[in-house]
There are 2 protein chains.
Amino acid sequence: MRLTTKGRYAVTAMLDLALHAERGPISLADISKRQDISLSYLEQLFSRLRQSSLVSSVRGPGGGYRLARSGAEICVAEIIDAVNESVDATSCGGNSDCSGGEQCLTHYLWTDLSRQIHSFLNGITLADLVQRAEVQEVARRQDIRGGAEEKVAIIGGLQ
Amino acid sequence: MRLTTKGRYAVTAMLDLALHAERGPISLADISKRQDISLSYLEQLFSRLRQSSLVSSVRGPGGGYRLARSGAEICVAEIIDAVNESVDATSCGGNSDCSGGEQCLTHYLWTDLSRQIHSFLNGITLADLVQRAEVQEVARRQDIRGGAEEKVAIIGGLQ
DNA sequence: TATATAGCCGAGCATTCTGGTCGGGTATTG
DNA sequence: CAATACCCGACCAGAATGCTCGGCTATATA
């Protein structure tokens, strides 16, 4: 199983999208500034996210990315799957050929753990995260720091 | 958070130790053969395990490694911690400086996940694994394949 | 129609980790 | 003294991570 900054970045960026959904398409440049993630790296991640139908893109000026579905219908596990291609804790991927054709001693332990992690991350949607007070707190600070976009004067609902 | 073959190997090797505890010290060469793990790599892993006081060593012929405590007192999380040095899902390690000095949006999500995984792996001891039918099944096959060590004629308890 | 925006895309690259080899120690048993 | 088996450090190929850079295409606006 792999769980690194890659997946973290992807979830963070998707959450940024969910938080600013009312502003219309969000450019990667905005996300890059707000979340302090390299623009080119974001492009790579969003290429995968688009292929997995988690976001849709709008090209040209004023364009950017939108969530393909509502935040309530996108769970964290999907996002990590999209960029990481494997959320499995076993090495054999369930093939039970871990230890020289045989099943390794701890095979069942890792399948259990995988199930555990997966069900945890499956139970959390972007909408859940948006609701959380700490997330809103951080998001508000980021908007202020980033010079509170002029496109939309006041974003309702947060304050 | 890191969860790779390294941790898997360590847990597998420790479980092998727990399974053959009655035979006295177990050599890494034996584990290497049974579990199909490179001997030199095992040496590196056991160096860490020894530093973390999870195993004790006996040098010289007939020597090997023993669990430092009973299997019921060693949980899987400890083993992974010992070789992996980090079972943390956050990038900042709880310092909240993930995103340019600030806390990243998803900080709490990763701390929650870390807690989840840790408590799961903390709840499983080597003794628990030894008890499991699938583990005993695999272990028996390995012993037969490996030519059922002559040192101890019949290992009580398994059959 | 020109220009700026912003999504796309591929090559390349430094750094780190993994999983491993090799060679040489040292303690202990017989 | 020789064999066993722990100990330890150096080194290495391959893969992944997190980037950069350069160039392309679609679209909105002046």
Side-chain angles (χ1 to χ4, degrees), chain A residues 1-13 17 23-33 35-52 54-66 68 80 83-87 91 98-100 104 149 151, chain B residues 1-13 17 23-33 35-52 54-66 68 80 83-87 91 98-100 104 149 151:
Chain A
M1 135 139 207
R2 248 175 273 128
L3 194 49
T4 65
T5 321
K6 197 175 197 172
R8 269 193 289 275
Y9 276 0
V11 175
T12 303
L17 231 55
R23 299 189 191 174
I26 306 294
S27 74
L28 293 188
D30 283 1
I31 301 180
S32 171
K33 261 178 274 171
Q35 308 304 335
D36 201 39
I37 304 174
S38 137
L39 177 57
S40 303
Y41 199 49
L42 276 176
E43 285 183 345
Q44 287 172 47
L45 295 180
F46 273 76
S47 166
R48 304 259 199 130
L49 294 172
R50 200 171 51 88
Q51 281 165 39
S52 301
L54 289 175
V55 296
S56 61
S57 63
V58 180
R59 299 182 71 152
Y65 285 94
R66 250 194 280 260
I80 295 176
V83 297
N84 252 3
E85 52 206 340
S86 130
V87 202
S91 56
C98 342
S99 171
C104 71
E149 319 295 313
K151 209 188 282 172
Chain B
M1 143 145 199
R2 248 175 275 131
L3 191 51
T4 65
T5 320
K6 198 176 196 169
R8 269 193 290 277
Y9 276 1
V11 175
T12 302
L17 231 55
R23 300 191 192 174
I26 306 294
S27 74
L28 293 189
D30 283 0
I31 300 179
S32 171
K33 261 177 274 170
Q35 307 305 335
D36 201 37
I37 305 172
S38 134
L39 177 58
S40 302
Y41 198 49
L42 276 176
E43 284 183 344
Q44 285 172 48
L45 294 180
F46 272 76
S47 165
R48 304 259 198 130
L49 294 172
R50 199 173 50 90
Q51 280 164 39
S52 300
L54 289 174
V55 296
S56 62
S57 63
V58 180
R59 300 182 72 155
Y65 285 94
R66 248 194 280 259
I80 295 178
V83 297
N84 251 4
E85 52 208 336
S86 129
V87 202
S91 57
C98 343
S99 172
C104 71
E149 318 296 315
K151 208 188 281 172

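Lettering follows sequence order; numbering is per chain, from 1. Just the heavy atoms: all of them, side chains too, but no hydrogens, waters or symmetry mates, feed the values below.
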Asks: Please name all residues satisfying side chain to side chain contact (heavy atoms under 4.5 Å, CB included) with B:Ser40, sequence neighbours left out, ordered by chain then number.
Replies: B:Ser38
Asks: Below 4.5 Å, heavy atoms only, C-beta onward: do A:Leu42 and A:Ser32 meet side chain to side chain?
Replies: yes
Asks: Would you say the side chain of A:Leu54 lies within less than 4.5 Å of the side chain of A:Tyr65, judging by non-hydrogen atoms?
Replies: no
Asks: Can you measure A:Ile26 atom CD1 to C:dA6 atom P for me and round it to whole angstrom units?
Replies: 11 Å
Asks: It should be established whether B:Ser47 places a side-chain nitrogen or oxygen under 4.0 Å from OP1 or OP2 of nucleotide D:dC6.
Replies: no
Asks: Under a 4.5 Å cut-off applied to non-hydrogen side-chain atoms, are A:Leu17 and A:Phe46 in contact?
Replies: yes
Asks: Looking across every strand, which nucleic acid part, if any, lies under 4.0 Å from B:Phe46 by heavy atom: base, sugar-phosphate, or nothing?
Replies: nothing
Asks: Rounded off to whole Å, could you give me the CD1-to-P distance for the A:Ile31 and C:dA6 pair?
Replies: 12 Å
Asks: With sequence neighbours left out, what residues match A:Ser47 under side chain to side chain contact (heavy atoms under 4.5 Å, CB included)?
Replies: A:Gln51
Asks: Is the phosphate of D:dC8 approached by B:Arg50 (side-chain N or O, under 4.0 Å from OP1 or OP2)?
Replies: yes
Asks: Summarise how protein sits on nucleotides 20-30 of chain C as a single string, 5' to 3': B when a protein heavy atom is under 4.0 Å from the base, S for sugar-phosphate-only contact, - for no contact.
Replies: BBB--BBBBB-
Asks: Could you tell me which residues satisfy side chain to side chain contact (heavy atoms under 4.5 Å, CB included) with A:Arg66, sequence neighbours excluded, listed by chain and number?
Replies: A:Pro25, A:Ser56, A:Val58
Asks: Roughly how many Å is it from NZ in B:Lys6 to P in D:dA16, rounded to a whole number?
Replies: 17 Å
Asks: Using whole Å, what does the distance between atom P of nucleotide D:dC19 and atom CD of A:Gln35 come to?
Replies: 14 Å
